[in-house]
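Report on the structure given below.
Below, read A as the first sequence line, B as the second, and so on, with proteins coming before strands; counting in each chain starts at 1.
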Amino acid sequence: MAIGAATSTVKSSGTAVAMTNEACSVVTAGSVYQITSATRRVVDPFQAVTVRDNGTLIAANLYRLDYTQGRVTFSGYTATGPVTITGAYLPLQAILEVKSYTISAKTNSLDSSTFDGVGWAQRISGLNSVTGSISFLSLLTADLDSAAVGTQSLSEYLANGTPKLVEIRFGSSTSYFRGWVLLSDIEEKADVNGVVEGTANFESAPQMGVAAVSFT
Amino acid sequence: MALAGHPVAVFAKATNATAVSSDEVDGINSVTYSPKVNMLDASTFKDTTGFALKLACLKDGSVSLAGDYTPSDAPQMLIMTSWTNGVPVWITMHFNPTGAAGTKGFQVQCKVESFEIKGDVASKVEFSASLNFDGAPVAV
């Protein structure tokens with residue numbers, strides 16, 4: 001069923017807020033747990049994170065944390081619960097007056113053809129990357145979070161070069177994209193017959209060392 | 001005889017088993033199946049025909065799909081997760097769905113090279129994907 005785009009939302013991560021022993025809910029008993037509070041599920045990868053099971057600190061090599069979803073998956077360890085996470089979460093703030101978006105996921109399609117006598121090309125998938133763009137009617141200097149120290153604007157994001165999490169929710173569906181991205185370029189343009197429009201292009205930031213993107 | 005486009009069916013499956021109705025990709029309204037061959041020029045000075053001599057070498061191809069983004073549709077989501085995981089996906093295209101076996105269309109193992117989701121405030125959320133052949137297609 002087709003989805004209208006008009007109710008889509010586009011957000012970026014804001015200023016980190018500390019959380020201590022944040023409660024998690026069971027996704028798969030014993031192995032997968034997720035932060036219960038939906039507004040605290042984007043975990044700040046620049047802050048130290050610890051995971052506890054029933055109060056016991058769990059070694060980092062026994063789990064993988066999906067920072068975009070606040071989801072911990074244990075490996076080689078069976079949790080009894082309750083599971084808690086200590087660190088910091090990133091609240092999501094709306095990017096103002098967005099009117100369109102594009103997300104493009106690509107992989108290096110590597111040719112692995114050999115003298116196998118088949119005569120058809122064969123392939124393996126190489127490095128993945130995601131690029132995207134948004135266009136909007138707000139100014140590049142618009143403060144996305146007036147409560148935070150300093151101006152949290154797209155032009156500041158470009159200037160400081162720090163990866164930000166971008167979330168795009170597709171229309172009225174429950175499906176969304178979240179990814180750690182770097183702004184590659186921004187633009188503001190005006191025409192005498194039109195409105196002032198801005199665009200921002202971004203690229204996934206796998207240097208985060210965490211799951212860079214997720215499509216849910 | 002010309003075939004109408006609207007009965008065309010496109011299926012995505014994680015194995016090469018015969019596609020069934022639950023494998024049909026929802027939301028798609030455009031499909032392009034493009035096999036090709038790497039055509040090498042083998043012309044020589046000694047050949048006096050005056051025509052270029054061509055040699056058909058490695059065969060290859062691509063499939064492109066486009067339509068409405070449909071996150072509730074498992075086959076469309078399979079295309080996205082196949083990109084994420086770098087695993088093959090088998091695409092079956094029935095350009096002639098009422099035809100006899102072997103004339104309906106093609107099935108081919110693919111690797112997802114890219115997909116795109118885009119939305120405009122006055123439009124629908126749209127989806128497109130580009131896939132490369134990962135072996136020989138078969139007529140179905």
Exercise. Identify which of Asp120(B), Asn85(B), Asp68(B) forms the greatest number of heavy-atom pairs closer than 4.5 Å to chain A.
Key: Asp120(B)
Quiz prompt | Residues of residues 92-103 of chain B contacting chain A, heavy-atom criterion under 4.5 Å, by residue number | solution = none
Exercise. Work out which heavy atom in Val125(B) is nearest to a heavy atom in Ser8(A); give both atom names and the distance.
Key: CG2-OG, 4.3 Å
Quiz item: When only pairs under 4.5 Å are counted, which of Asp26(B), Val121(B), Thr81(B), Thr70(B) shares the most heavy-atom pairs with chain A?
Solution: Val121(B)
Quiz item: Looking at side-chain heavy atoms only, is the closest gap between Lys111(B) and Leu110(A) below 4.5 Å?
Solution: no
Quiz item: Looking only at heavy atoms, what is the nearest atom pair of Val112(B) and Thr107(A), with distance?
Solution: O-CG2, 3.1 Å
Practice problem: Please flag which part of Val130(A) lies under 4.5 Å from any non-hydrogen atom of chain B: side chain, backbone, both or neither. | Solution: side chain
Exercise. Starting at OG of Ser125(A), measure out to CG of Asp134(B) and round the result to the nearest 0.5 Å.
Key: 8.0 Å
Quiz item: Based on non-hydrogen pairs under 4.5 Å, which of Cys110(B), Pro71(B), Pro137(B), Ala136(B) is most in contact with chain A?
Solution: Ala136(B)
Practice problem: Please round to the nearest 0.5 Å and tell me the distance separating atom CE of Met80(B) and atom OG of Ser175(A). | Solution: 6.0 Å
Quiz item: Do the ring planes of Phe170(A) and Tyr69(B) sit parallel (below 30°), tilted (30 to 60°) or perpendicular (above 60°)?
Solution: perpendicular
Exercise. Ignoring hydrogens and angles, tell me if any N or O in the side chain of Lys124(B) forms a donor-acceptor pair with the backbone of Ala2(A) under 3.5 Å.
Key: no
Self-check item: Within 6.0 Å of NZ in Lys106(A), more than 12 heavy atoms from elsewhere
Solution: no
Quiz item: Is it true that atom NZ of Lys118(B) has more than 12 heavy atoms of other residues, nucleotides or ligands lying nearer than 6.0 Å?
Solution: no
Practice problem: May I have the step-by-step check of side-chain contact (heavy atoms from CB on, under 4.5 Å) for Arg123(A) and Asp60(B), ending in yes or no? | Solution: CA-CA 10 Å; Arg123(A) 290 192 163 80; Asp60(B) 197 357; 2.5 Å; yes
Self-check item: Asn128(A) versus Trp83(B), closest heavy-atom pair with distance
Solution: ND2-O, 3.4 Å
Quiz item: What's the shortest heavy-atom distance between Ser109(A) and Asn132(B), and which atoms?
Solution: OG-ND2, 3.1 Å
Quiz item: If you count heavy-atom pairs under 4.5 Å with chain B, which of Gly4(A), Ala105(A), Ser100(A) comes out on top?
Solution: Ala105(A)
Quiz item: Measuring heavy-atom distances to chain B, does Ser112(A) have an atom under 4.5 Å in its side chain, in its backbone, in both, or in neither?
Solution: neither
Quiz item: Is there any residue in residues 28-39 of chain A with a non-hydrogen atom under 4.5 Å from a non-hydrogen atom of chain B, and which ones are they?
Solution: none
